[in-house]
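Presented below is the structure to which this report refers.
This one's a predicted model, so the numbers in the text were calculated from it and none came from an experiment.
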Amino acid sequence: MALGQINGILLGIAEEQNIAVLDLEKEIPKTSDYFYDDCHFNKGGISKSAELITASIVSNFKTD
C-alpha cells in the first residue's frame with residue numbers, strides 16, 4: 001500500500017536526521033478495536049493514539 005511506503009520513507013529520513021518518531025502504524029494493531037477501515041481510527045484508535053503520543057512526548061522531552 002502507498003501509505004506504508006510513505007511511512008517507510010519518513011521513518012528512514014527521521015533515522016538519518018536523528019529525529020524522534022512515534023510509528024503509530026507499528027504500535028497500533030490493525031483490528032476493528034482501533035480502525036473502522038484499513039487506515040482510519042475509530043474511537044478506540046483515537047484513544048490509543050492519544051495515549052501513545054502523550055507517552056512519547058513525556059519520554060522524549062522530559063526535563064528533570
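In the hydrophobic clustering of ILVMFWY residues, with side-chain heavy atoms under 4.5 Å counting as a link, Phe35 and Ile46 come out together. Hydrophobic cluster membership is shared by Phe41 and Leu52, with clusters built from Ile, Leu, Val, Met, Phe, Trp and Tyr side chains linked at under 4.5 angstrom.
Atom CG of Asn7 sits about 5.0 Å away from atom CG of Asp23, to the nearest 0.5 Å. Distance check, rounded to the nearest 0.5 Å: NZ of Lys30 to CG of Asp37 gives 10.5 Å.
Residues Tyr34 and Pro29 come closest through the heavy atom pair CD1-O, 3.6 Å. Gly45 approaches Ile28 most closely through the heavy-atom pair O-CD1, 4.4 Å. In terms of heavy atoms, Asp33 sits closest to Asn42 at O-OD1, 3.3 Å.
Each of Ile53, Thr54, Asn60 was scored for a side chain to side chain contact (heavy atoms under 4.5 Å, CB included) with Ile57, with one residue passing: Ile53.
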### Leu10/Val21 under side chain to side chain contact (heavy atoms under 4.5 Å, CB included): CA gap, chis, key distance, verdict
CA-CA 9 Å; Leu10 292 173; Val21 172; over 6 Å; no
